[in-house]
Structure formats: C-alpha cells, structure tokens
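Numbers restart at 1 for each chain; the letters A, B, ... are given by sequence-line order, proteins then strands. What's counted below: heavy atoms across the whole structure, side chains too, no hydrogens, waters or symmetry copies.
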Amino acid sequence: MSETNPATTAEVAAPHRYTAAMAADIEARWQDHWDAEGTYSAPNPTGDLAGDPRIVGRPKKFIMDMFPYPSGAGLHVGHPLGYIATDVHARFQRMNGHNVLHTLGFDAFGLPAEQYAVQTGTHPRVSTEANIENMKVQLRRLGLGHDRRRSFATIDPEYYKWTQWIFLQIFNSWYDTEAGRARPIDELVARFASGERPVPGHTRAWGELTATERADVLGGFRLAYASDAPVNWCPGLGTVLANEEVTADGRSERGNFPVFKAKLRQWNMRITAYADRLLDDLDALDWPEAIKLQQRNWIGRSEGARVDFAVGDERITVFTTRPDTLFGATYMVLAPEHELVEKITPAAWPEGTHDVWTGGHATPVDAVSAYRAQAASKSDVERQAEAKDKTGVFTGAFAVNPANGERVPVFIADYVLMGYGTGAIMAVPAGDQRDFEFARAFELPITCIVEPTDGRGTDTADWESAFASYEAKIINSANDEISLDGLPVAEAKARVTDWLTARGIGEGTVNFRLRDWLFSRQRYWGEPFPIVYDEDGVAHPLPESMLPLELPEVEDYSPRTFDADDADTRPETPLSRNEDWVNVTLDLGDGPRKYRRETNTMPNWAGSCWYELRYLDPHNDRRLVDPEIERYWMGPREGQPHGGVDLYVGGAEHAVLHLLYARFWSKVLHDLGHISSVEPFHKLFNQGMIQAYVYRDSRGIAVPAAEVEERDGAYYHQGEKVSRLLGKMGKSLKNAVTPDEICAEYGADTLRLYEMAMGPLDVSRPWDTRAVVGQFRLLQRLWRNIVDEDSGALTVVDTEPDEATLRALHKAIDGVRQDLDGLRFNTAIAKITELNNHLTKAGGPLPRTVAEPLVLLIAALAPHIAEELWRRLGHEDSVVHQDFPVADPRYVVDESVTCVVQIKGKVKARLEVSPSISDEELEKAALSDEKVVAALDGAGIRKVIVRAPKLVNIVT
RNA sequence: GCGGCGGUGGCGCAAUGGCGACGCAGCAGACUUAGGAUCUGUGGCCCCUGAUCGGGCUUGAGGGUUCGAAUCCCUUCCGCCGCACCA
C-alpha cells in the first residue's frame with residue numbers, strides 16, 4: 001500500500017506524462033498560488049473583508065460543512081467526503097457567477113480533547129492546537145477552496161467571547177407567550193414594577209421583594225436558568241448530560257456509561273418555550289424528510305387534555321391524549337418522584353386493602369419510601385430492562401373520577417415518568433396496554449368503554465390485551481350532564497373536553513416530549529459561564545466589558561469521575577479547585593464586592609450553535625456580526641422565508657443534537673433583533689459514510705486490512721484464514737486509509753474524483769483502494785488529450801470540431817451542469833468520462849473549442865489539473881473564476897436518434913432516424929426494415945405502437 | 001412492536017414507463033528485457049454452432065396493470081437507519 005506505485009512514477013519513455021510526481025508538483029504549486037492570490041476570498045458588503053467590487057454585486061451562496069472536531073488520530077479518507085462535495089459544489093456555484101462563502105473552522109472544546117489531554121499528560125489547549133495544525137495540513141493537501149481569513153476554532157477567546165455574550169443574551173431574556181417571542185428581561189421587570197403584571201408566587205409588590213426573591217421569580221422566566229430539577233448524572237464521565245446525550249437504553253452516548261437521575265442545581269436553556277416554532281418552521285426547510293421526522297419525534301407534540309382528580313383536598317392533574325376514555329379510568333398512577341406523593345399518603349392502610357397493593361409493607365409510608373428508594377437506585381438501563389414486569393405500590397389514597405364519581409386508588413409506579421406530561425396519569429386499562437398489564441398484575445377493575453371491533457366481547461375478564469382503537473365507538477360513558485355513548489373517538493374527545501372546561505376541572509392542551517436543555521457540565525475544557533454569585537447566592541451576569549472570561553491556566557484539569565454504577569456519587573467541577581480564580585472582587589456597577597464564579601462550563605454544543613454567523617464577520621470585536629453582512633449572506637429571501645445557509649452538509653448523527661440547539665439559538669438571536677435569519681440552515685444534506693472492510697481472525701480480533709490477501713474468494717492474514725465484514729473505518733479496526741497516502745500515490749485530484757465517483761453522496765459505500773486508479777486514468781487520458789507526453793507541448797489546434805464531437809461535448813455540458821447543481825457528482829464524473837473517452841477514441845489533436853470547455857467541466861472536481869491545463873492553454877486568469885460552459889441546445893438533441901424496433905416488446909432492430917420524424921414515416925421505415933421483415937416472418941401484425949422518434953413496437 | 005429507507009453483473013453503481021451509463025476486478029491482445037504501468041478489445045447466465053450467425057433468460061421472490069416494468073400496484077422475504085412504558 002505504502003510502496004510507490006510504478007504506474008504513477010515518472011517514466012523515461014514519457015517525461016511529460018501525468019504521474020503522481022507531476023500531480024504533486026502541480027498541486028503544491030497551485031495551492032501556494034491560490035493562497036498567495038486569495039483566490040477563494042469572498043468579499044463582504046462592508047467591514048474588514050469588503051472588497052473586490054467585481055464580485056460583491058453578485059448573488060451569494062453560503063456553502064458550509066459541519067466543522068470537524070480535531071482529534072489526535074488525524075483524518076482518514078472518510079472524513080473529507082463532505083468537504084470535497086461542498087467544495088465541488090461551491091466551485092461550481094462560483095463558476096455560475098455567485099459570490100461564494102466557503103470556509104471551515106474547528107469545533108475544539110469538549111470531552112474527547114480533554115480525555116486525550118489527560119491520557120497524554122498535555123494541556124488540552126496544547127494538544128488541541130497541535131491537532132488543529134495537523135488537520136489543517138491534511139486538509140490543505142486536498143485543494144479545498146476555503147476562505148482562510150474566515151476560519152477560527154471555538155476555543156479561541158475572541159470566538160468564545162461571543163459564545164458567552166450569547167449566553168448572557170439568553171440569560172437576560174424571557175419568552176413572551178402572548179407575543180410568541182423572546183424579549184429582554186428588563187421589559188418583564190418593568191411590567192412587574194408597574195404592577196401591569198402580577199408577580200407570580202408573591203402577594204407583595206415587586207419593590208418590596210428581596211433581591212433573592214426577585215432573582216427566584218426571574219429565574220422562572222429567564223431563557224437560561226438554574227434549577228434543581230432531576231438531571232441525568234453520569235458518574236462514569238463525572239458530569240451531568242442533556243437528554244439528547246443519553247441513549248434510549250439509558251446510557252451516555254459517549255463512553256456508554258449508566259446514567260442516573262439526580263437532583264442537582266444545574267443550568268438549563270428554556271428550549272421548550274420554542275417547541276411550537278421549532279416544529280412549525282421545519283416545514284419551510286429543505287431538509288431530508290428523515291431528519292425532519294426525527295426532530296418532530298423528539299419535540300413530540302401531542303394534543304390532549306389536562307384533567308384534575310380530587311384526592312381529599314389535593315388535586316392531581318393528569319395529561320391524557322384520550323380524554324374520551326375518562327369513564328374507564330379505574331385507578332391513577334403517579335411517578336415515584338411526584339411531589340404530591342408525601343401529601344396524599346396516609347398513615348395507615350385503608351380498611352380491606354388488597355395484599356398485592358401493599359408490597360408487604362405495614363404502612364403506606366413504608367411502602368412508598370421503599371419503592372421510591374428502589375426506583376432511585378435503579379439506572380434507566382435497569383428500568384428499561386424490567387419494563388415488561390409492571391411494578392408499583394398503592395399510596396393508600398383514593399382519588400375521585402370526575403366523570404362517574406367513583407373512588408379510584410392512587411398508585412406510584414415507575415412506568416410513569418416524571419419528565420413527561422404532569423408526571424401523573426389516569427389509568428384506563430381497557431384502552432391502554434401498559435395500564436392493562438398493571439391492572440392485571442394488581443387485580444384492578446377494567447371497565448370497557450370502547451366497543452371492540454375485533455370480534456372480542458365487552459366482558460373484559462376474557463381479554464388478553466387492551467383494546468386501543470381510534471376507529472371504534474365509545475360506550476358505558478354517561479353521567480347526568482354528559483353522554484359520550486355511541487360517539488366516535490374524535491367527537492367524544494371534543495365533547496368531554498368542553499365539559500371538563502365548563503366544569504373548571506380540565507382543559508384541552510398540547511403537551512411536548514421535548515424538555516429543557518441541560519446546559520452545564522462538570523468539565524474543564526469548555527466555555528466558562530460569565531456568571532458570578534454574590535454572598536446571598538444571587539447570580540449576576542458579567543458585563544460585556546469583562547468578556548471573554550478566559551479559562552484559567554490550571555495544573556489539574558482532569559475531571560473527577562466515579563465508579564460508573566455508583567448512583568450516590570455527586571459531581572465535582574474542575575474549576576472549583578482553583579480558589580484564586582473562583583473568589584473574586586469585582587465592580588459590577590455598585591462598587592467592588594466579593595463574588596464567587598460559576599465553576600460549571602458549557603457543553604461542547606455551545607460553540608457549534610452559532611458558528612455559521614461568525615464565519616460572516618469573524619474579526620468583528622464590537623458585534624457578534626454586522627447586521628448588513630448578516631442580511632447579505634443569511635437573510636430571508638425568495639424561497640427561503642427564514643433565511644439561513646444555502647447548503648449545509650454533514651452526517652445524520654446530529655439530527656436532534658446540534659441541529660436542534662442551533663435552530664433554537666438562531667430563533668432567540670432573531671427575536672432579540674441581532675440577526676435577520678430565523679433558521680440557521682435552509683438546505684441540509686446528509687452525506688453517507690465511507691465504510692471499510694474489517695478483517696478478523698478466529699479469535700475475533702481485527703487484523704490490519706492492508707496485510708490481508710485474497711485467494712479464491714477467501715481472505716488470509718499471515719496464512720491464517722480471516723473473516724470479512726463491512727464496518728466503519730478507523731484506527732481501532734485497523735482498516736483506516738488516510739488521504740495522505742492516496743494523495744502520495746495518485747494526487748489530490750484523483751482522490752477527490754474517486755470520493756465523488758463512488759456513488760451518490762447520501763449513500764454509504766465501501767472504500768476500495770484498488771479502484772482509485774480508475775479516476776487516475778481519467779486524468780491521465782485528459783492530460784494526454786491536451787498535452788504531448790513526450791515533449792510537454794500543447795497539442796490543441798484551431799480547427800473546428802466535427803459534428804459528433806460537438807454533440808458529445810454539449811450533451812456532457814448539459815448533463816454535468818445539472819448533476820453538479822443537484823449534488824449528483826458520481827453521474828457528473830461518468831458524463832465527463834464518457835466525453836473524454838469519445839475524444840480519446842476519435843484520436844487526433846483536440847480543437848481548442850473542445851479542450852477549453854472540457855477543462856472547465858472538470859475544474860470544480862479536479863481543480864489543480866484544471867488550473868494547470870487552463871494556464872497551459874494560455875490563460876492568465878484563474879480557472880476558478882471562469883464561467884461554467886453553457887450547452888448549445890442545438891447540439892444537445894441528437895441529429896439522428898437511435899430508434900428501437902421491438903416485436904412484442906423485444907428489441908429486434910435499430911434505426912438511425914431524425915428526431916423530428918413523424919409517426920407515419922417511422923412506422924413505414926420500421927416495417928420495411930429487413931431485420932424486422934425477417935423477424936416477423938410473415939406473421940400477422942395486430943397492432944403497431946409508435947413513439948417517434950425513439951421506439952416502434954410491433955404486436956403480432 | 002411502530003415508522004423510514006433500500007435490495008440491479010464478481011464489486012461500486014447508472015437508468016423514474018421504452019438501448020445495462022461510468023468505473024473496478026476478470027479475460028484476450030498490443031507495446032515491452034519485464035509489467036502490478038500504458039494502450040486496444042471483451043464484458044451477466046443458458047442454448048445452438050467447428051467457429052460465426054442466431055435464439056432464450058436476467059434488476060431479492062411471487063403475482064398484477066401495460067404493446068412494453070428495475071421503474072406503477074398487491075403479496076412476501078432480506079438488509080440498514082430512527083423511535084420505543086411518552087400517557
């Protein structure tokens with residue numbers, strides 16, 4: 001693999017052949033030239049990057065990749081797939097008269113960098129910056145046309161100054177549900193102060209509240225707020241995590257450690273305020289349906305009703321999507337952590353309490369605390385694993401079903417989750433499978449309130465499962481005021497909701513699965529919060545003048561991790577070890593006072609939530625981004641009502657993390673008037689993965705893929721037979737192929753072509769190093785069609801091309817243009833190959849009027865060789881800014897078309913005919929063709945179908 | 001379990017109702033001291049033939065619509081990706 005391929009080394013016989021050595025020379029030369037000339041600089045309408053009036057008046061395209069995380073392992077050939085694709089598309093758009101913004105930064109805060117630093121004993125800043133430098137070298141070798149002036153890393157203080165600034169904007173705002181948008185918190189304070197709006201939770205006026213009380217009230221409104229709600233605590237990582245970072249089976253997405261629920265004071269972002277808008281605005285986005293669907297599922301909007309059940313003097317509010325089944329609610333369930341549990345649990349079991357309800361405990365208090373303790377010690381993994389067996393315990397309390405006045409027992413059970421709805425349900429065992437299972441386990445009554453349509457009877461004693469149907473009719477559901485009997489589900493829902501509303505014991509409501517975003521982490525390597533606490537514990541934002549709040553240089557930056565299974569542990573923030581940094585005296589406008597700094601750091605998503613905006617105006621130290629610049633590149637316009645990046649390419653794994661968070665921040669910044677765009681990314685495209693074969697020996701251990709030999713369809717490593725499976729590419733599987741080695745063997749242009757030719761961009765496919773040579777041959781033939789391999793002289797001539805060549809050329813232009821526009825790079829390359837093969841076969845020197853458009857056709861895909869040939873063809877200007885060729889429609893349609901003559905659908909003959917031939921003429925020509933006559937052999941013709949000019953089908 | 005996407009030569013794939021694109025591998029030849037370079041040709045399977053010519057079958061499987069289906073419809077199998085005690 002690493003041996004030099006003689007195919008690509010210089011040949012004595014042809015000193016000017018396109019070889020790896022020549023490619024390396026050409027590529028290095030033009031990369032230097034582009035950097036020196038600023039070829040890929042995209043001018044802004046104003047500011048320090050303004051300039052080049054030739055370009056600035058053009059329509060714009062903002063074409064972006066999901067920026068990379070600079071890992072220590074470096075790149076393998078899978079990483080740059082998306083970067084090459086956006087680069088080709090960006091170059092194509094540039095050749096179509098657009099001012100194209102295309103650059104790449106680095107997402108460099110976060111766990112892996114920290115872990116790498118701990119392992120290697122280097123400071124994360126040192127190792128991360130070294131990794132970035134290494135990655136920059138690897139990427140530059142690929143000839144990506146990035147505007148380097150706009151690149152940055154999220155760890156640069158000049159960048160995270162603005163990440164912190166945005167945090168403060170979010171902290172200092174609240175969501176005005178009437179206006180449906182965020183507003184500065186000062187406006188809310190003014191309303192409280194004037195009495196226009198009552199202060200929730202207090203009877204005293206705003207002016208009479210203490211600073212702590214005011215802070216608590218405002219904390220209930222701020223879009224960034226600290227709260228004590230249960231969070232996902234991951235002892236194995238030593239940090240808390242967002243819901244989005246916990247897998248379905250209750251483990252950390254990174255590291256795969258168990259996650260426990262723990263009550264900890266943590267920072268949150270009130271993303272739930274935006275649930276509706278995050279859902280609705282998806283419609284106008286040009287995103288893959290699969291990703292939209294995932295976001296919709298994650299937001300999880302469901303319509304239903306809230307219903308109050310009385311329990312003594314208390315009220316339990318439940319959320320249900322099936323208020324129509326209210327009459328069938330025969331018991332209730334609270335989540336174990338529900339705050340009403342203590343209040344309603346009596347001292348003793350009611351008379352005649354069923355043994356299975358008590359869990360064998362002497363009192364309800366014992367039973368409840370035992371069950372709660374057991375639930376808390378269980379990780380979500382265990383809870384999931386035991387999902388089939390319904391567990392729970394009776395609280396000893398009864399509620400009243402408001403529909404039929406019946407006393408129904410109240411249970412706690414872990415199949416009801418505190419984090420969804422109100423953390424309490426009315427249980428309708430006849431209509432819900434979970435409730436049915438619980439009812440059977442605890443011998444609870446099951447009242448049939450929906451008429452079964454599947455043949456079963458209405459006696460639920462015979463049932464083996466719940467009957468959950470939206471098609472059936474309601475029965476057994478009437479009281480003195482209302483009857484749902486005979487109604488279909490939808491109507492019954494509406495009627496019962498009206499009744500509940502009129503009685504003041506419920507209302508129609510919309511519930512979301514989405515929960516607020518847990519925003520603090522117990523790590524060193526992240527943005528510090530620009531927050532300090534006074535001696536009363538009240539949080540104060542730092543003024544903008546104190547930003548950036550830089551990470552302190554510390555000796556010990558390692559996270560405090562714990563036994564992964566120990567739920568009783570609690571996190572410790574690395575920054576808290578640094579007393580000098582934590583305890584400060586600051587003047588926040590009321591004289592110098594003592595404060596303690598917040599010691600949590602932001603999650604690694606923070607930096608990627610808004611980076612597209614900073615590309616626009618990367619050096620602005622007075623504003624996040626200049627409004628005029630933002631409007632030019634990102635503003636709403638025809639077909640893009642919410643504005644946003646024109647094309648955003650990246651992996652599908654960010655469907656609900658980065659993409660949801662970034663949308664949220666974008667909307668807040670828009671609401672507060674900082675940006676004109678409402679959505680960050682108008683068009684999203686998910687590239688597939690480059691897979692690689694993994695070879696394992698008999699013990700299942702991966703062996704180096706490069707050392708495996710194939711014999712008769714089997715695979716061998718050092719004589720031992722090994723198995724082959726398709727998997728990911730990576731160091732641990734010993735199958736990584738680096739772009740560096742492919743560049744060394746063939747050059748960057750070949751690598752770019754191969755990655756684009758492998759298949760459609762959105763499909764995953766296996767890497768095959770052997771096949772790369774095919775694209776190298778294309779470039780060799782292209783080169784040979786224009787340059788003499790022996791003398792190095794240009795071979796193009798000034799004669800006119802023949803008709804067939806003109807048609808081949810213009811058909812290719814037409815097809816390649818459409819394919820590059822539609823991101824179908826694989827078929828674009830096939831069409832260029834086809835044209836080049838035609839020219840090779842035709843032989844003879846190439847007319848200049850063919851050679852030049854040929855070079856322009858491939859310029860976006862293989863920019864170095866195109867730039868070199870363009871220069872050799874005598875042009876001083878870079879090929880980068882040439883116009884993409886336009887097909888002449890006269891030559892796109894063939895002068896003669898091959899018409900297929902079928903007999904009973906089988907092709908029997910081909911005729912060369914004019915594209916404008918009439919049906920009659922074509923039929924006559926077909927029927928008189930000698931092959932057709934022979935094939936018919938006198939058989940009677942029943943019918944002739946003519947589709948001029950392409951087809952005649954004769955039915956006998 | 002629910003939802004989404006997809007099955008085409010040895011391999012990656014092209015073709016959205018009408019000719020199996022393009023590339024790799026393979027085979028044959030040319031140039032060569034040599035070939036893993038380069039160039040030319042070939043290009044799935046079966047039948048017929050001494051060889052041509054010719055004929056038939058092929059897009060996971062089965063059925064349907066149509067003059068004609070990889071493409072549209074129904075049934076079914078397999079693979080990948082989401083979601084999953086969400087009330």
Checking ring-ring contact (aromatic ring centres under 6.0 Å, His included) for the pair A:Y331/A:F438: CA distance, chi angles, key distance, verdict? CA-CA 10 Å; A:Y331 67 100; A:F438 191 87; 5.4 Å; yes
Nearest-nucleotide 5' precedence on RNA chain B, A:Q294 against A:V772: A:V772
Can the ring centres of A:F512 and A:W298 be said to be less than 6.0 Å apart? no
With the side chain of A:V773 defined as its heavy atoms from C-beta on, choose the nearest nucleotide among B:C22, B:C24, B:A87. B:C24
Which residue lies toward the 5' end of RNA chain B, A:T840 or A:N297, if each is placed at its nearest nucleotide? A:T840
In terms of side-chain heavy atoms of A:K841, which of B:A21, B:G41, B:G23 is nearest? B:G41
In whole Å, measure the gap between the C1' atoms of B:U65 and B:C46 for me. 30 Å
Integer angstrom distance from the C1' of B:C2 to that of B:A69: 32 Å
Regarding A:T827 and A:D819, is there a side-chain donor-to-acceptor distance under 3.5 Å anywhere? yes
Sticking with atom C1', work out how far B:C67 lies from B:G62, rounded to a whole angstrom. 24 Å
A:R306 charged N/C atom sitting above A:F319 aromatic ring, 6.0 Å / 45°: no
Does A:R784 put a side-chain nitrogen or oxygen below 4.0 Å from OP1 or OP2 of B:C39? yes
In terms of side-chain heavy atoms, does A:T795 have a donor or acceptor partner in A:D788 at a distance below 3.5 Å? no
Integer angstrom distance from the P of B:C22 to that of B:G41: 12 Å
From B:C86, B:G23, B:C24, nucleotide with atom closest to A:Y420 side chain: B:C86
Every protein N/O lying under 3.5 Å from an N/O of nucleotides 10-16 of chain B:
{"from": "B:G12", "atom 1": "O2'", "to": "A:M758", "atom 2": "O", "distance (Å)": "2.7"}
{"from": "B:A14", "atom 1": "OP1", "to": "A:N826", "atom 2": "ND2", "distance (Å)": "3.0"}

NZ or CZ of A:K390 within 45° of A:Y415 ring axis and under 6.0 Å: yes
For A:A830, answer base if it contacts any base atom (sugar-phosphate contacts may also be present), sugar-phosphate if it contacts only those atoms, and nothing otherwise; contact means non-hydrogen atoms under 4.0 Å. base
Counting only side-chain N and O atoms of A:Q433, is one of them less than 4.0 Å from OP1 or OP2 of B:C85? no
I'd like the C1' distance from B:A70 over to B:G6, given in whole Å. 13 Å
For nucleotides B:U75 and B:G20, find the distance between their P atoms and express it as a whole number of Å. 30 Å
State whether A:R777 places a side-chain N or O below 4.0 Å from either non-bridging phosphate oxygen (OP1 or OP2) of B:C24. yes
When the aromatic ring centroids of A:F467 and A:F436 are compared, is their separation below 6.0 Å? no
B:G64 and B:G50: how far apart are their C1' atoms, nearest whole angstrom? 46 Å
Hey, mind stepping through A:S302 and A:Y420 against side-chain hydrogen bond (donor to acceptor under 3.5 Å, both in side chains) and telling me if it holds? CA-CA 11 Å; A:S302 39; A:Y420 184 78; 3.0 Å; yes
Closest listed nucleotide, where the reference is the side chain of A:R515 and the choices are B:C85, B:C22, B:C86: B:C86
Pairwise C1' distance for B:C48 and B:G56, with rounding to whole Å: 10 Å
Look at the side chain of A:K831 and the base of B:C22, then say whether one donor and one acceptor between them are separated by less than 3.5 Å. no
Below 4.0 Å: OP1/OP2 of B:C86 and any side-chain N or O of A:R301: no
